[in-house]
Amino acid sequence: MILTVTLNPSIDSIYFTDTFVLGEMNRCNNPIKAIGGKGINAGRTAAILGGDVTTTGVLAGINGKFIQAELEQEPFKSAFFPISGESRNAVTVMDQEKNQTEIVELGPEITDTTAKKIIDTVIDFSFKQKEAPVIALCGSANTKNEHLYQDYLQQLQDQLGPTVKILTDISGKQLQNVVNGTIKPYFIKPNIHEFAELVNRPLTSKQDVIEQLNHPLLVGIPFILVSCGGEGAVAKYHERIFDVGIPAIDIINPTGSGDATVGGVAFAIDQGLSIEETLRYGMACGMSNALEQAVGYVSVEIVDTLKHNIVIHEI
Ligand code: ADP
């Protein structure tokens, strides 16, 4: 059983234009519209693979109603609750040269009251399951509390015990505070840029990443996966370090590949698979997502094929 949490779901619109000129009227076709948010994308991936998935989080305003209606078509259960404000829009304009311009709203504020309601929902839900679910806390939040996710880890462990497996896919200050906290997540998945920010060093290659995996900041986190786009990933699992290679593919849209990777990892952890098989699922899902136009979608057949082409080298 997997539970993903999305504190800032969105309506993602992609507009395709011939040219995009700042300061001028730009006409474009109707957008491709879809719901977004890292936890929703990761949850969809895990559900497509066959996982028993529930997603939760908050929805607000008219946009929230649209997202709720879309959630009803998804392959997972969802238990979002309403808050005031308006769920965010994220707008991407893509011109013929494939230049991408993005406008992303902040989204409704997660106040202390809302934050408490969310964590109470997660804990309540977990108590109702036969076994503690794998919990994935994913994505940004519009909150003044830079320790929000750190607080969540503390509360989840206090209530659900030390064996609860909490996965985080977050970045910036929230990630920094989580890794510095006393309660560690089971798993983190920064991409190479987020990892460089975390260890405060420029990192340009997998070798650079490998050299930082023994950074004192990371002590106590059992499973660290630093994804490196088309280069695959580098992982640390307890004391073992892996260089994970992937084959070259003709990508269509890599947006959301990191979310799909988290979904694949959550599925594999929930199934109790080996670390090698877990890495294979994570990579194959990221790649399968990159082979689709849609964001946060994978194909079971493609994942099954790609899994055999992942090269795992233990260092
Ligand atoms: P994020 O989306 O969080 O920035 P990455 O870009 O590192 O994460 O992508 C996550 C995973 O998705 C990669 O480890 C890889 O398996 C797959 N992936 C992403 N981009 C590509 C690409 N250009 N070619 C092949 N696989 C990719």
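Just follow the structure's listing: the first ligand is 1, and inside any ligand the first atom is 1. In what follows, residues are counted from 1 in the order of the sequence shown.
- Between the side chain of N191 and the backbone N or O of V226 there is no donor-acceptor pair closer than 3.5 Å.
- At a 3.5 angstrom cut-off on N or O pairs, S227 counts as close to ligand 1.
- In this structure, R44 is positioned above the aromatic face of Y297, its NZ or CZ under 6.0 Å from the six-membered ring centre and within 45° of the axis.
- At distances below 3.5 Å, at least one donor-acceptor pair connects side-chain atoms of N289 with backbone N or O atoms of G296.
- In summary, the atoms of ligand 1 found under 4.0 Å from a heavy atom of N191, numbered by their order in the structure, are 1 (P), 3 (O), 4 (O).
- Shortest contact from atom 17 (C) of ligand 1 to any protein heavy atom: G286 C, 3.5 Å.
- Using a distance-only test at 3.5 Å, with no hydrogens or angles considered, no donor-acceptor pair links the side chain of N89 to the main chain of S10.
- Considering backbone and side-chain N/O of G229, one or more are found under 3.5 Å from N/O of ligand 1.
- Close approach to K189 involves these atoms of ligand 1, each under 4.0 Å from a residue heavy atom: 3 (O), 8 (O).
- Of all the atoms in ligand 1, the ones that sit under 4.0 Å from a non-hydrogen atom of M287 are 16 (O), 17 (C), 26 (N).
- Of the possible donor and acceptor atoms, none in the side chain of S288 sits under 3.5 Å from a partner among the backbone N and O of I302.
- Among all protein heavy atoms, the one lying closest to atom 9 (O) of ligand 1 is S257 CB, 3.7 Å.
- Two rings, from Y281 and F267, have their centers less than 6.0 Å apart.
- For ligand 1, the polar-atom distance check against G258 finds a nitrogen or oxygen pair separated by under 3.5 Å.
- Note that K189 lies outside the cation-pi zone of F195, set by a 6.0 Å cut-off to the ring centre and a 45° limit from the axis.
- Remark: ligand 1 atoms within the under-4.0 Å shell around heavy atoms of C228 are 7 (O).
- Taking 4.0 Å as the cut-off between side-chain N and carboxylate O, K116 and D120 count as a salt-bridged pair.
- A donor atom on one side chain and an acceptor atom on the other are found under 3.5 Å apart for N145 and D151.
- In the vicinity of I251, heavy-atom distances shorter than 4.0 Å reach the ligand 1 atoms 22 (C), 23 (N), 24 (N).
- Of all the heavy atoms of D259, none lies under 4.0 Å from any atom of ligand 1, so neither backbone nor side chain is involved.
- At a 4.0 Å heavy-atom cut-off, ligand 1 does not touch I192 at all.
- Every atom of ligand 1 with a heavy atom of G232 under 4.0 Å away is listed here by number and element: 13 (C), 14 (O).
- For ligand 1, the atoms sitting less than 4.0 Å from at least one non-hydrogen atom of M283 are 14 (O), 16 (O), numbered in the order shown with element in parentheses.
- Heavy-atom proximity to G230, at under 4.0 Å, picks out these atoms of ligand 1: 20 (N), 21 (C), 22 (C), 23 (N), 24 (N), 25 (C).
- A donor-acceptor pair shorter than 3.5 Å can be found between the side chains of Q68 and E72.
- Among all non-hydrogen protein atoms, the one lying nearest atom 10 (C) of ligand 1 is T261 OG1, 3.6 Å.
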